[in-house]
Amino acid sequence: MEEQALVIAFVGLLGIGAQWVAWRTGWPAIVLMLAAGFLAGPVFGLIDPEHAFGDLLEPMVAIGVALILFEGGLSLDLRELRHAGSAVLRLATIGVLLGWVFGAAALYYIAYVEFEVAVLFGGILIVTGPTVVLPLLRQSSVQTRPAAILKWEAIVNDPTGALCAVIAYEYFRKVAENPGASVFEVVPPMIFAAIIAGLIGYAAAKFIAWSFPRGAVPEYLKVPVLLTTVIGVFVVSNLIEHEAGLVAVTVMGIALANMNVSSLRSIHPFKQNIAVLLVSGIFILLSSSLQVEELKYLNWRFGLFLLALLFLVRPATILISLLGSSVPWNERLFLSWIAPRGIVLVAISGLFALRLSELGYADGNALIALSFAVVVATIIAHGFTIDLVAKWLKVKGNTRPGLLVVGSTPWAIALAEQMHDLKTPVTLVDASWQRLSAARKRGIPTYHGEILNEATEHNLDLTPFQVLVAATENEAYNALVCNEFAHEVGRDSVYQLGEAGDDDDKNAIPHSLRGRALFESGFGVSDVNERQAEGWVFRKTKLSDEFDFEDAQEKLPDSAHMLLILRASGTMRFFTHAVRPEPRAGDTIISFSPPQSKTAVEAAAKRAGKKGSASEQPA
């Protein structure tokens with residue numbers, strides 16, 4: 001009991017610690033988790049999951065994989081998929097079959113892996129996974145179309161690769177149990193079981209979609225009920241047919257994602273937290289379970305297979321799938337290179353490694369080591385070259401962080417125009433086409449639509465935006481917008497006009513439900529509107545080694561208010577009532593100032609006053 005508790009705590013510490021280090025350094029989290037688990041397990045022997053959990057390890061991993069696939073299914077909104085174009089459809093159909101065949105052939109003929117294991121692992125290799133693809137896309141800032149294709153291929157292939165593995169495993173299990181059985185005796189029952197499992201998953205999704213909006217489940221029980229239902233569907237479906245539960249939970253997730261269940265929006269942050277915990281935990285458990293003797297499979301033949309996977313399997317899959325499509329050749333070549341594998345590949349491989357060894361396939365034990373090798377090789381190869389390849393093939397997008405401004409007020413338009421002039425990607429969002437007309441006349445990119453509408457989520461890509469500023473006429477609405485997008489943009493990156501009131505004041509909006517207040521003084525909507533009417537404007541001041549922040553303050557009127565600092569890299573740092581960023585040479589300061597700048601006489605008087613006050617201070 002104590003050993004199991006210590007292992008659980010240590011696994012959590014290593015997994016979340018690796019994720020934190022990845023966030024601080026920008027290194028791939030999956031590689032850090034692999035290193036942490038490998039060092040803690042086979043190298044130093046600090047943890048041994050198989051010894052600690054025994055027979056419980058397999059169901060723990062299985063349930064974890066089921067929840068990860070359910071969460072992946074919840075990300076697959078078919079309405080968004082339609083906007084991604086026909087290229088994703090080709091890759092999700094033709095590309096899946098070709099990738100499966102080519103991957104299995106490379107494993108069998110080059111790596112000399114058993115045929116059954118090669119077919120199963122070839123299906124798993126289809127998975128690229130959004131957990132590794134999306135960070136790479138953010139890192140390199142790829143153009144919209146290739147980025148959308150890679151994103152949706154990863155989201156679709158996450159559950160598809162799992163289904164391919166389930167199909168292969170079930171077929172070989174049936175054949176192992178009935179050696180003389182024909183294909184027609186094995187396949188139809190397997191298809192029937194998969195259909196039944198899919199119907200169970202769909203029925204569970206319909207139950208959730210019917211009960212949650214009608215108040216049949218209280219708010220505080222919605223997350224526990226949903227998780228319990230997912231686990232129940234997984235277990236019941238597995239009783240019907242081995243591994244059919246993976247089909248059921250995947251179908252349940254996809255069905256729920258496309259049923260417009262408004263109640264599910266409130267569980268998205270919790271869903272993401274569960275996914276991070278499961279990904280970290282399973283990855284550490286599997287990497288620490290590696291045996292040194294299993295590494296013998298990582299020989300020169302497997303090295304040749306990795307080269308074939310990178311330079312033959314992926315390019316052939318993409319180029320054949322996109323033949324005759326409208327995707328330009330430079331984008332096809334870029335897609336042919338980028339295909340990093342992630343946690344789902346390792347999780348599914350770890351699950352089926354346990355299953356295949358039970359069926360007597362010797363190479364099944366090697367799946368975990370092989371999957372880790374594929375993950376490390378693809379992440380290193382693609383992660384360190386994506387920027388270079390994107391530039392070389394001319395699919396590089398705008399690398400500067402963007403600003404999303406909600407509300408087409410005169411103040412917001414002036415801010416957007418100033419940032420647009422400074423080459424910061426900016427988009428102004430408003431539900432009124434008429435209010436947006438002033439921004440369109442000034443050449444500012446706009447989005448016409450209600451920012452809180454679900455349709456906006458499917459049409460407005462938030463990836464380029466580092467900061468959101470809510471600046472409509474309604475401070476309560478601004479708080480609602482900030483609270484809604486805090487989990488996507490980041491709680492520290494959503495701002496609004498108006499200083500937060502005291503949490504003890506029952507009439508004030510709590511700090512936790514609003515964005516950070518703009519300006520050190522906490523100007524509200526009425527404050528900036530009044531000053532805007534008086535002729536206040538945004539001013540930019542460039543700092544250098546000779547012209548520092550104090551010089552910039554002296555140049556501006558006394559009543560001017562600092563809004564933000566724009567770094568040379570494009571990063572934005574805002575002045576708030578709680579935070580004052582540190583200016584440095586090369587920064588551009590954006591201030592909100594009265595119409596008349598200070599005269600030289602006023603500036604000299606201010607400098608003289610500063611010197612006088614300094615001389616009066618005691619030594």
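By convention here, the first residue in the shown sequence is residue 1. These numbers were taken from a predicted model, which means no experiment stands behind them.
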field: Closest contact, heavy atoms only, P340 versus V133
entry: CG-CG2, 4.0 Å
- prompt: Between W337 and F311, what is the ring plane arrangement, given parallel below 30°, perpendicular above 60°, and tilted in between?
  reply: tilted
field: Heavy-atom donor-acceptor pair, T228 side chain to V225 backbone, under 3.5 Å
entry: no
query: About how many Å separate CD1 of I208 and CE of M252, when rounded to the nearest 0.5 Å?
result: 5.0 Å
query: About how many Å separate CD1 of I338 and CD of E153, when rounded to the nearest 0.5 Å?
result: 11.0 Å
Heavy-atom check, side chain of L98 versus side chain of S321, under 4.5 Å: yes
message: Rounded to the nearest 0.5 Å, what separates atom CZ in F305 from atom CG in L310?
response: 9.0 Å
query: What's the spacing between K394 NZ and Q143 CD if we round to 0.5 Å?
result: 11.0 Å
- prompt: Hey, is the main chain of L319 close enough, under 3.5 Å, to the side chain of R332 for a donor-acceptor pair?
  reply: no
query: At what distance, to the nearest 0.5 angstrom, does CD of E331 lie from CG of L150?
result: 10.0 Å
field: Side-chain heavy-atom pair V101, L97 within 4.5 angstrom cut-off
entry: no
query: Under the side-chain contact (heavy atoms from CB on, under 4.5 Å) criterion, do F121 and S371 qualify, and how do the steps go?
result: CA-CA 9 Å; F121 195 41; S371 63; 4.1 Å; yes
- prompt: What class does the angle between the rings of F172 and F115 fall in, given that below 30° is parallel, 30 to 60° is tilted and above 60° is perpendicular?
  reply: perpendicular
task: Could you walk me through whether F53 and I8 pass the side-chain contact (heavy atoms from CB on, under 4.5 Å) test, one step at a time?
output: CA-CA 10 Å; F53 299 109; I8 292 173; 3.7 Å; yes
field: Heavy-atom pair of closest approach, residues V327 and A87
entry: CG2-CB, 3.9 Å
task: Of all the heavy-atom pairs spanning L120 and A165, show the shortest one and how long it is.
output: CD1-O, 3.9 Å
task: Mind running salt bridge (charged side-chain N to carboxylate O under 4.0 Å, His left out) on E116 and K174 for me, showing each step along the way?
output: CA-CA 12 Å; E116 293 82 1; K174 292 280 188 181; over 6 Å; no
query: Where the side chain of R341 meets the backbone of L125, is there a donor-acceptor pair that is under 3.5 Å apart?
result: yes
message: Taking the side chain as everything from C-beta on, heavy atoms only, tell me whether L226 gets closer than 4.5 Å to F70.
response: yes
- prompt: Shortest non-hydrogen contact from I126 to G161?
  reply: CB-CA, 4.4 Å
message: Please check this pair: side chain of S237 against backbone of F234, looking for a donor-acceptor N/O pair closer than 3.5 Å.
response: no
field: Closest contact, heavy atoms only, Q19 versus S280
entry: NE2-OG, 3.1 Å
- request: Please lay out, stage by stage, how L163 and L246 fare under the test side-chain contact (heavy atoms from CB on, under 4.5 Å).
  value: CA-CA 7 Å; L163 296 181; L246 297 179; 5.7 Å; no
Distance in Å, L307 CG paired with F302 CZ, rounded so as to fall on 0.5 Å steps: 10.5 Å
- prompt: Looking at side-chain heavy atoms only, is the closest gap between W20 and L32 below 4.5 Å?
  reply: no
task: Report yes or no: does N330 contribute a side-chain atom to a donor-acceptor pair with the main-chain N or O of L393 at less than 3.5 Å?
output: yes
- request: Find out whether L91 and V96 are in side-chain contact, i.e. whether some heavy atom of one side chain is under 4.5 Å from a heavy atom of the other.
  value: no
query: If you look at every heavy atom in P42 and S287, which pair is closest and at what distance?
result: CD-O, 3.9 Å
